Amino acid sequence: MSNEENKTGLKRNTKIILGLLLLVLIAGGFYGLKLYKVYFAPNVTGNEKYLYIRTGYNIDDLYKEIKLKDMLTDIGSFSEASGKMQLARSLKPGRYKLTKGMNNRSIINMLKSGNQDPVKLKFQNLRQKENFA
């Protein structure tokens, strides 16, 4: 009788362990999917080619401009990622090129590092350098 009790107890323990393992895998999958959506999923719509951050802009001004010009598909995930990556402490003014399919992590790293796109200036009414000053 004790041999049968050991087998049923072993089957029950195996089922409990497999159930817990399945629960951990499902929870890990949901957490991984959430991390993917916040950091690595494509988020740029392609409506605007450049993001201009003016001198004195804070993080709220940045969110307003992004929302006003409809630059991102999911502003909520961008604000969550920028909060966790502490974008507000190192926001640098400039002109930043946005390409369709960029993710939040690459946008935030670009803004934090100050990796700007150069601005081209043309002076058409001056013929000589001496007239410039």
Side-chain angles (χ1 to χ4, degrees):
M1 205 65 155
S2 67
N3 197 13
E4 288 180 22
E5 288 176 5
N6 282 342
K7 287 182 181 180
T8 58
L10 185 61
K11 287 182 182 180
R12 188 175 356 144
N13 288 342
T14 305
K15 287 181 181 179
I16 290 173
I17 290 172
L18 287 176
L20 287 175
L21 183 63
L22 183 64
L23 185 65
V24 167
L25 285 174
I26 290 172
F30 281 123
Y31 183 71
L33 183 63
K34 181 176 172 25
L35 283 178
Y36 174 77
K37 285 184 178 181
V38 170
Y39 292 106
F40 300 108
N43 200 16
V44 175
T45 60
N47 293 342
E48 290 287 325
K49 197 171 185 179
Y50 295 102
L51 170 64
Y52 293 94
I53 298 178
R54 293 166 185 26
T55 304
Y57 259 29
N58 60 20
I59 196 75
D60 293 327
D61 296 329
L62 176 65
Y63 293 152
K64 286 177 191 173
E65 182 159 343
I66 288 172
K67 188 180 283 187
L68 178 70
K69 294 184 178 180
D70 194 32
M71 295 179 180
L72 301 179
T73 56
D74 187 8
I75 297 171
S77 70
F78 179 76
S79 65
E80 183 179 344
S82 64
K84 288 182 180 177
M85 293 179 72
Q86 300 175 348
L87 175 63
R89 290 194 313 174
S90 57
L91 189 63
K92 294 179 176 63
R95 179 176 105 157
Y96 298 93
K97 185 173 184 171
L98 298 177
T99 56
K100 188 172 182 170
M102 285 179 80
N103 58 32
N104 290 334
R105 188 167 183 257
S106 62
I107 296 168
I108 293 168
N109 285 338
M110 180 177 60
L111 296 175
K112 284 176 74 172
S113 68
N115 189 12
Q116 303 170 17
D117 202 43
V119 178
K120 297 177 184 175
L121 294 175
K122 291 183 180 179
F123 296 102
Q124 294 180 350
N125 58 351
L126 301 173
R127 290 183 61 208
Q128 296 176 342
K129 289 181 186 179
E130 294 81 26
N131 296 338
F132 184 69

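Keep in mind the model is a prediction, meaning the values are calculated, not measured. Along the sequence shown, residues carry numbers from 1.
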Is there a path from [X] to [Y] through hydrophobic residues (I, L, V, M, F, W, Y) whose side chains come within less than 4.5 Å of each other?
X: I26; Y: L20; answer: no
X: F30; Y: L22; answer: yes
X: Y31; Y: Y36; answer: yes

Do [X] and [Y] make a side-chain contact, defined as non-hydrogen atoms from C-beta onward lying under 4.5 Å apart?
X: F40; Y: L35; value: no
X: N104; Y: E80; value: no
X: K97; Y: M110; value: no
X: N58; Y: D61; value: yes
X: V44; Y: L72; value: yes

Tell me the closest heavy-atom pair linking [X] and [Y], and the distance in Å.
X: S77; Y: N43; answer: OG-ND2, 3.7 Å
X: Y96; Y: G114; answer: OH-CA, 3.6 Å
X: L91; Y: L62; answer: CD1-CD2, 4.0 Å
X: M102; Y: I107; answer: CE-CG1, 4.0 Å
X: Y39; Y: A81; answer: CE2-CB, 3.9 Å

Separation between [atom1] of [X] and [atom2] of [Y], rounded to the nearest 0.5 Å:
X: R105; Y: S82; atom1: CZ; atom2: OG; value: 14.5 Å
X: L25; Y: L21; atom1: CG; atom2: CG; value: 4.5 Å
X: I59; Y: L87; atom1: CD1; atom2: CG; value: 4.0 Å
X: N47; Y: K100; atom1: CG; atom2: NZ; value: 8.0 Å

Problem - Qualifying residues under salt bridge (Lys or Arg N to Asp or Glu O under 4.0 Å), relative to K67, sequence neighbours excluded - result: none

Practice task
Answer yes or no: are there more than 12 heavy-atom neighbours, outside K37 itself, under 6.0 Å from its atom NZ?
Solution key: no

Handout entry: Within 6.0 angstrom of K64 NZ, more than 12 heavy atoms from elsewhere
Key = no

Practice task
Using side-chain contact (heavy atoms from CB on, under 4.5 Å) as the criterion, list what pairs up with Y52, not counting sequence neighbours.
Solution key: Y50, R54, E65, R95

Practice task
Could you tell me whether the side chain of K92 and the main chain of K112 form a donor-acceptor pair under 3.5 Å?
Solution key: yes

Practice task
Report yes or no: does Q116 contribute a side-chain atom to a donor-acceptor pair with the main-chain N or O of P93 at less than 3.5 Å?
Solution key: yes

Exercise for the section: Compute whether any side-chain donor of one residue and acceptor of the other, for S106 and N103, lie under 3.5 angstrom apart. Expected result: yes

